[in-house]
Amino acid sequence: MVSKKLFIETLGCAMNSRDSEHMIAQLREKEGYETTDDLKSADLIIINTCSVREKPVAKLFSELGVFNKKKKEGAKIGVCGCTASHLGDEIIKRAPYVSFVLGARNVSKITEVLNRERAVEVDINYDESSFAFNDFRTSPYKAYINISIGCDKSCTYCIVPKTRGDEISIPVDLILREASRAVERGAKEVFLLGQNVNNYGRRFSGEHEKINFTELLRRLSRIEGLSRIRFTSPHPFHMDDEFIEEFARNPKICKSMHMPLQSGSSKVLRDMKRGYSKEWFLDRVEKLRSVSPEVSISTDIIVAFPGESDEDFEDTLDVMRRVKFDQIFSFKYSARPETEAEHFTNTVDDDVASRRLTTLQNLATDILDEKNKTHLGKIYSVYFEDLIQDYYVSGRSDNNLVVKVKGSDELLGQFRDVEITAIGRTILTGEIVG
Ligand code: SAH
Ligand code: SF4
Ligand code: F3S
């Protein structure tokens, strides 16, 4: 049988990447599709969309237009993911050449909608938690595993609960089985995914063993052959002592923590309904560093949330200076439909927002440059995952530094001790010493 070709573009977060892997798995198994990077030869074109900020949504329709012009005759275009969830059939109204719309919560129905004219499946309460997907992974070395779907929080700026629905934990036996299977196939690292991973166990869709995230980490770490466990995103509100202590104590848990701050101002955090204060956040960082001094900490920050004063923004800078994050992802606030903050009228002018973003990013770069110097001459255990240009191979240290060395694909999937010999902002260069 001649295989059909699938071109898939994935935007957004790691959960979307995993959803794309799930869709590819289903399409390969049931419909005989193979992936291609060449849009023009594709029989099926999928955009797996993100709607967390406004810009990518606006881009979607122009991109769809381009795809429609370039696609070969008879090829289908499907829109999946978070924008599909929140725009639904409006997408087909605005772009009538789109064959189907499939929400982020409904990706298991990919082969079904494919064969239904103008299908729209966007039910955000659809239960995917016990759905066992066929196996497909982009990387054989690292396995992304969903541990929960949806989100039960109500951060006032965020559209995700509206696109991914209520939070449901995946049964523990399914997670353990998926992790063991990935390890049997050669992965030494698992990357656990959820919008709120350390709220694991809050709700299951049926009668399942109820354990919390800390216990899930313990059980996963008993899998033989598994060397590293990473996860994203944990929520600062749920970072209790038990979790932080297990994080520090368990040698398989990578010493890299994402702590999405969003704002350093307790007032703004209240308006955002984040559930913690500046003091709580700083206290959790202190606790974490006291038990795990080598930990690297990354964060997400939104500037110019409605009502954010100069003083509030100073609080964010203050937290930045105190914590000295190893990596930040920073964004200007973007009003989203169906969120509480969409109706807030005390918005911040765009030029103020731009200025704050630049100030924040400059400070982050200064902190990073300062920190990077301390890596020079140090030795890290690096797990190699990617071949990059000029005969380099790259991987990550336990504390999430990206490191490259000269080498070939023989290094892929291997751990090596690497001495850092040169510093760059996004990647460090090193030499293998053991
Ligand atoms: N569940 C994660 C966040 C997922 S969304 C958490 O709670 O941390 C990823 C990031 O996008 C958020 O951390 C936030 O910084 C950013 N974001 C979400 N909504 C946004 C909005 N309306 N405007 C700007 N940035 C936003
Ligand atoms: Fe959005 Fe808040 Fe849920 Fe994160 S925890 S996905 S920011 S609602
Ligand atoms: Fe975007 Fe949806 Fe992820 S809105 S950030 S793809 S959960």
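Order of appearance sets the numbers: ligands from 1, and atoms from 1 within every ligand.
The closest donor-acceptor contact from the side chain of Lys76 to the backbone of Leu114 lies under 3.5 Å. A donor-acceptor pair under 3.5 Å is absent between the side-chain atoms of Asn400 and the main chain of Ser256, judged by distance alone.
For the residue pair Ser169 and Gly201, the shortest heavy atom distance occurs at OG-N, 2.9 Å.
For Thr10 and Asn16, the side-chain atoms include no donor-acceptor pair closer than 3.5 Å. For Thr232 and His258, the side-chain atoms include no donor-acceptor pair closer than 3.5 Å.
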Write none if no such pair exists; otherwise list each N/O atom of ligand 1 with its protein N/O partner under 3.5 Å and the distance.
{"residue": "ligand 1", "atom": "1 (N)", "partner": "Gln195", "partner atom": "O", "Å": "2.8"}
{"residue": "ligand 1", "atom": "1 (N)", "partner": "Gln195", "partner atom": "OE1", "Å": "2.8"}
{"residue": "ligand 1", "atom": "7 (O)", "partner": "Arg274", "partner atom": "NH1", "Å": "3.1"}
{"residue": "ligand 1", "atom": "11 (O)", "partner": "Arg53", "partner atom": "NH1", "Å": "3.2"}
{"residue": "ligand 1", "atom": "13 (O)", "partner": "Gln262", "partner atom": "NE2", "Å": "2.7"}
{"residue": "ligand 1", "atom": "13 (O)", "partner": "Asp300", "partner atom": "OD2", "Å": "2.6"}
{"residue": "ligand 1", "atom": "15 (O)", "partner": "Gln262", "partner atom": "OE1", "Å": "2.7"}
{"residue": "ligand 1", "atom": "22 (N)", "partner": "Tyr157", "partner atom": "O", "Å": "3.0"}
{"residue": "ligand 1", "atom": "22 (N)", "partner": "Ser334", "partner atom": "O", "Å": "2.7"}
{"residue": "ligand 1", "atom": "23 (N)", "partner": "Ser334", "partner atom": "N", "Å": "3.0"}
{"residue": "ligand 1", "atom": "25 (N)", "partner": "Arg53", "partner atom": "NH1", "Å": "3.4"}

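Ion pairing between a basic and an acidic side chain is recognised when a charged N comes within 4.0 Å of a carboxylate O; Glu245 and Lys287 show such pairing. A salt bridge does not link Lys255 to Asp398: none of the charged nitrogens lies less than 4.0 Å from a carboxylate oxygen. By the 4.0 Å N-to-carboxylate-O rule, Asp350 lies close enough to Lys332 to be salt-bridged with it.
Summarising the geometry, atom NZ belonging to Lys324 is positioned 8.5 Å from atom CG belonging to Leu363; distances are rounded to the nearest 0.5 Å. Once rounded to the nearest 0.5 Å, the distance linking OG1 of Thr359 with CZ of Phe313 reads 5.0 Å.
Residues Glu342 and Thr156 have side chains not in contact (no heavy-atom distance under 4.5 Å, counting atoms from C-beta outward).
Listed by chain and number, the protein atoms of type N/O/S under 2.8 Å from atom 3 (Fe) of ligand 3 are Cys13 SG; waters are omitted.
Not a single side chain to side chain contact (heavy atoms under 4.5 Å, CB included) links Asp366 to another residue, sequence neighbours left out.
Using a heavy-atom distance under 4.0 Å as the criterion, the protein contacts of ligand 2 are Cys151, Lys153, Cys155, Tyr157, Cys158, Val160, Pro161, Gln195, His235, Arg274.
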Discussion item. One pair to check against side chain to side chain donor-acceptor pair (under 3.5 Å): Ser148 and Glu167. What are the steps and the verdict?
Written reply: CA-CA 7 Å; Ser148 57; Glu167 187 173 320; 5.0 Å; no

